[in-house]
Structures are given as C-alpha cells and as structure tokens.
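Everything below concerns the one structure shown next.
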Amino acid sequence: MSAYQLSIVMLACISIISVCGVFAMTSLAGMFSLGQAAYMSISAYLTFCLARYLGWPIWFTAIIGLVASGLVAFIISLPALKLRRDYFALLSVGFGEMVLAIVILLGKWTNAAVGFSKIPKVKNLIWIVLAITALVVFMVRNLKYSRFGRMCMALKTDEIAARSFGIDVYRLKVKIYVIASVIAAVGGICFGLRNRVIAPDSFDWSLSSEMQILLFFGGTNSLTGSIISAASLKVLPEFLKGITLFGMSLQDFKTAIYCILILLILNFRTQGIMGEQELSLEPIRKLARKLNKAKKKEAVK
Amino acid sequence: MSIQLLISGISLGAVYALVAVGFAVVFSVLKFSNFAHGGMISACAYAGFYFQRSFSNPPPIYLTIIFTAGVGITLSFVIDTIAYRRLRKKQSPNIYYFLASITMSILIVNLLTIFFGKNLYAFPPIFENTTFMIGKIRFSSIDSLILIVSLAILTILIFLIDRTRIGLAIRSVAINPATSQLMGINPDVTIMAVFAIAGALAGISGVLLAMKLSVYPTLGSQMMLKGFIASVVGGLGSLGGAIAAAILLGIIEIFLTYYFGSLSMPIILFVLMLIFLAIRPAGIAGRFAQEKV
C-alpha cells in the first residue's frame with residue numbers, strides 16, 4: 001500500500017481508539033464529557049516533549065504520558081463526579097479549555113500555537129497502530145460484557161436503583177472515567193505519531209464533541225456500530241478529494257457533507273445506524289445450524 | 001483604573017448576558033443547550049457586516065441591529081426545521097437535541113469558512129471618536145453602545161417573559177408541556193416564539209460582537225462557551241441567574257486578563273467553576289431544573 005493509503009488506515013484507527021474511550025464512558029456509564037480531547041493532548045505533549053528534551057526512548061515516555069493522563073483524570077474526577085451529570089459536562093468543557101491554555105502557557109517547550117513538530121519517526125508504525133487498535137477494541141468489548149460493564153449499565157439506566165443493589169456509584173464512575181481518559185490518551189499518542197505535529201488547536205472541544213457525535217451516529221449502545229461510524233465517517237472526506245460538482249471541489253465541503261450526513265441520521269434514524277444491536281457472527285452460525293439440521297433430517301428420512 | 005476595568009467588564013458581561021439568555025430561554029422550554037446559537041451569532045455577524053457595507057452611506061446602527069435580529073429569527077426557524085422538529089415529534093431524549101445542535105453549529109461555521117474565508121473583517125467604524133470622557137473616566141464608545149443596547153434588550157425580554165401572555169405561555173410550557181396544553185396553550189407556537197426570541201438575541205449579540213471584535217467564522221463558537229458557562233452557573237433555565245452570572249463572568253475575565261494575562265483566564269475559571277458548583281449546586285438563581293445533558 002502507498003504511504004497515503006497507510007495514513008488513511010491509521011486515521012481510521014486513531015478515530016476508532018478515541019471513540020472506544022468515549023464508548024466506555026458514555027455508552028456504558030452514561031457520562032457525557034466534552035473534554036476527552038484534553039487527555040489526548042496531555043499524553044501526546046508529555047510523551048513527545050519528554051522524548052525530545054530528556055532523550056528517553058519513546059515507549060518509556062509514552063507510558064509516562066498515559067500514567068499522567070490517568071492521574072489527571074483521577075484528580076479531576078474526584079471533585080467533579082460528585083456533581084450532577086450536566087455540571088460534569090460543563091466542567092469537562094472548562095477542563096479542555098484549561099489544558100489548552102496550559103499548553104500555550106508552556107510555550108517555551110511546547111512551541112505554543114505553532115505546534116510541536118519534533119516527533120521521532122517510528123518504523124512500521126502501521127502495525128503498531130493496528131495492534132493497539134485491536135487491543136483497545138478487544139478490551140472495551142470485554143469491558144462491556146464483564147461484571148464491571150453490567151454494573152456501569154445499571155448505573156447508566158438508574159443511578160439510585162444501582163445504588164440500592166450495592167454498587168458504589170461514585171467509585172465506579174471514577175474508575176470508568178479514568179479508563180476512558182487513558183484510552184483517549186492512547187489515541188492522542190497515536191495521533192502525534194501519525195501526524196508528526198501536534199498543535200493546541202487540534203485538541204479543542206470540537207474534537208471532543210466530534211467523538212461524541214461519532215459514537216451516537218453509530219448507535220447509542222453498540223460498540224461495533226460506533227467503530228463502523230468512527231472509521232467510515234473519518235475516512236469519508238478523503239474519498240471526496242478530487243471530485244468536483246458545479247465547479248466547486250467537494251474537498252472544501254467535506255466537513256459540511258459530514259455534518260449533513262449526521263443531521264440526516266439524527267432526523268431519520270435517531271438511535272444511530274446500529275441502534276442497540278451488535279454486529280456479530282451469531283446469525284450466520286444460526287443459519288448454518290439450521291441448514292445442518294435440515295440435512296440430518298433428510299438423511300434420516 | 002479599576003473603575004475603568006469594572007466598566008469594561010460589565011460591558012463585556014452584557015454581551016455574554018445576551019448570549020447566555022439566548023441559551024437559557026431555549027433551555028428553559030426545550031431542556032437542552034442550544035449549541036447552534038454560536039453558529040447563528042457568527043452568521044448574523046456576517047449578515048450585519050454585509051448589510052452595513054452594501055450602502056454607499058452607511059445606515060444608522062439601529063437599522064443594522066433590527067436587520068440582523070430579523071436574519072437571526074429566520075435562521076433560527078430554519079435550524080429548528082432542519083435539526084429539531086423531527087426530534088421533537090419523536091420525543092427523543094435531550095442528548096439528541098444536543099448532538100444536533102453541535103452538528104448544526106459546526107456546519108454553519110464550516111459554510112461561513114467556505115464562502116467567506118478565515119479572514120478577519122473589521123466592522124466599519126460607527127463613531128468618529130472611539131472614546132469619550134466623563135469626569136476622569138474614559139469610556140469606550142463601542143462598549144457604552146453595547147452596554148446600553150444589551151441592557152435595553154434584556155429589559156424588554158424580561159418584560160416580555162414576565163408580563164405578556166406569550167411570556168406566560170413560555171413559562172408554563174417550561175414547567176410542564178402536557179399540562180399547559182390542557183390549559184389551551186399551543187406548545188408548537190410557544191416553541192416557535194422561543195426560537196424567535198433566541199434568534200433575535202443571537203442576531204443582536206452577533207452584530208454587537210462584530211462591532212467590538214471583528215467578523216470571523218468562529219466568533220460565535222468562542223462566545224458560545226462563555227454563554228454556556230454563564231447559563232449553567234446562573235442556574236439552569238433561569239434568565240435572571242444567567243444575566244447575573246454573565247456579567248460576573250465578564251468582570252472576572254477583564255480583571256484576570258489585566259492582571260495575569262489572557263491565558264490565565266481558562267485555568268482560574270475552571271477552578272472557580274469547580275468550587276462554585278461544589279458549594280452551590282443549584283446555581284446563582286438557586287432553582288433546580290432537570291438534568292441538562
């Protein structure tokens with residue numbers, strides 16, 4: 001594959017990783033955050049700045065970046081999750097703005113609004129990104145079907161009922177928020193490795209809201225649906241390159257087309273393309289079993 | 001010096017108040033944060049800019065304001081038709097309104113960028129003297145105009161909501177749509193009225209912001225975050241609370257920017273919000289509404 005195609009695949013992978021993080025938080029636990037991109041920026045800046053200024057290997061600084069994002073998420077969530085859900089969403093917006101301001105304040109190291117571009121090149125990046133994506137998707141899938149995931153769903157449906165079943169709601173929320181933030185942080189590092197430049201603008205609240213939109217586009221409670229929508233909607237604009245309509249290049253309209261698609265889905269299929277369903281091999285297996293049974297019956301006759 | 005800062009803070013806060021009230025009025029009835037408001041503000045700023053420019057001798061400023069208010073109302077109806085009407089018929093959860101409004105906002109900003117570019121357009125000057133003195137205090141003409149217009153509009157709005165029949169209808173639909181329908185109130189008409197109010201506010205604040213700053217596509221999005229903060233801190237869906245919070249926000253912003261630089265603002269604001277919401281979760285107005293997101 002050419003370098004361009006590889007970069008598109010990586011774009012889709014990064015989108016999948018970040019939407020998986022949001023899935024864990026919003027679809028499972030019902031928390032709505034508009035500040036997840038901030039964790040992407042924390043981990044990306046820490047990873048690449050430490051690697052640059054201290055000369056440490058990138059895998060080591062990546063771990064530092066992830067741990068730091070987890071810690072920040074933990075510290076922020078302790079007071080913020082005591083509040084009601086809508087205040088939490090508001091605080092997440094404020095948090096995202098705060099992180100961006102800090103990045104610009106530390107302009108001496110982060111190169112402020114111009115963007116930090118001294119990111120080392122990693123060989124075979126595509127395989128690393130694909131492996132990370134597979135791992136993240138697998139982990140989030142397990143999370144959904146585990147006891148922990150079921151506890152989260154109980155919390156999402158009715159907080160008071162969940163509490164009456166002996167679930168420690170507050171601790172659960174903190175845990176899931178930290179998990180979601182670390183997944184977002186993984187996405188941030190991959191983003192930096194792919195683009196080779198990170199700027200504060202690329203991690204503003206519109207990226208966070210885009211993650212939420214992709215999630216709901218795919219289906220409120222469907223992991224496969226969110227993955228499909230995350231990959232396809234992110235890649236879609238790339239296919240519009242070079243197409244011209246009425247003398248205007250569709251490339252300029254990529255975000256507009258993307259928004260119109262989302263509005264159409266919201267209007268005509270509100271629950272998202274997959275709704276609550278998961279894509280699985282189960283129907284095919286059932287069909288195979290039926291066919292087998294029919295064959296056996298005929299053999300008996 | 002500090003009096004001067006206070007005055008420009010109040011003037012900035014008055015613009016935030018227009019944005020926040022546009023937010024709060026939609027929230028109080030439909031129970032969602034109308035993020036498309038930011039896009040409307042930007043679009044109206046462009047409309048005002050081109051209206052002002054299209055005449056060889058510029059029209060008086062009040063004409064521009066009325067014109068943009070009209071544009072805002074139209075745009076608001078269009079957005080309602082495109083994005084919200086079907087959701088309302090299906091009685092979807094609030095989260096979908098929220099998503100639709102964010103998408104709508106991104107769409108408007110994107111269309112503006114395509115057609116007008118990312119350049120900043122300076123609004124044609126309205127006053128010959130940019131400042132005037134009263135006693136020893138220097139006033140900025142634009143800031144004073146903004147303050148006067150905002151206060152007038154807010155007064156009219158509060159009168160409209162508190163004293164008129166349509167205001168009564170809006171308040172009752174805000175409390176309970178089903179019961180108000182039993183009382184002979186048409187919820188659809190009320191919702192249209194709410195969107196008209198929000199659109200007019202977006203138009204007016206758009207042209208005022210364009211005069212104060214300049215015209216560019218993300219003008220509204222930046223204001224929208226401030227409006228969102230003010231409307232939540234003020235108390236969900238409460239107009240008075242939103243105005244108070246917005247003016248407070250403007251004053252805090254001006255003082256912080258003056259003493260610590262503009263970058264300190266988001267950091268300190270976040271901490272202040274955290275503390276405030278932890279101490280007083282019901283907001284300034286103290287009225288508890290339903291969950292917002």
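Source: prediction; values computed, not measured.
A distance of 5.0 Å separates CZ in Phe32(A) from CG in Leu99(B), rounded to the nearest 0.5 Å. Atom CD1 of Ile267(B) and atom CD1 of Ile102(A) lie 4.5 Å apart (nearest 0.5 Å). Note that CD1 of Ile102(B) is 8.0 Å distant from CD of Gln212(A), once rounded to the nearest 0.5 Å. In this structure, CZ on Phe216(A) lies 11.5 Å from OG1 on Thr103(B), to the nearest 0.5 angstrom. Rounding to the nearest 0.5 Å places CD1 of Ile257(A) at 9.5 Å from CG of Asn110(B). Atom CD1 in Ile95(B) sits 7.5 Å away from atom OG1 in Thr26(A) (nearest 0.5 Å).
For a residue to count as touching a neighbouring chain, one of its non-hydrogen atoms must lie under 4.5 Å from one of that chain's; by this rule Leu261(A) does not touch chain B. Using a 4.5 Å cut-off between heavy atoms, Phe268(A) touches chain B through backbone and side chain atoms alike. Heavy atoms closer than 4.5 Å to chain B are found in the side chain of Ile76(A), but not in its backbone.
Shown here for Leu274(B) and Pro79(A), the closest heavy-atom pair between the two residues is CD2-CG, 3.8 Å. Here the shortest heavy-atom pairing between Leu263(A) and Leu107(B) reads CD1-CD2, 4.1 Å.
A donor-acceptor contact shorter than 3.5 Å is absent between the side chain of Asn267(A) and the backbone of Arg86(B).
A 6.0 Å sphere centred on OH of Tyr258(B) holds no more than 12 heavy atoms belonging to other residues, nucleotides or ligands. The neighbour count for Phe260(B) CZ, taken as heavy atoms of other residues, nucleotides or ligands under 6.0 Å away, does not exceed 12. Around CZ of Phe74(A), the count of heavy atoms belonging to other residues, nucleotides or ligands within 6.0 Å does not exceed 12.
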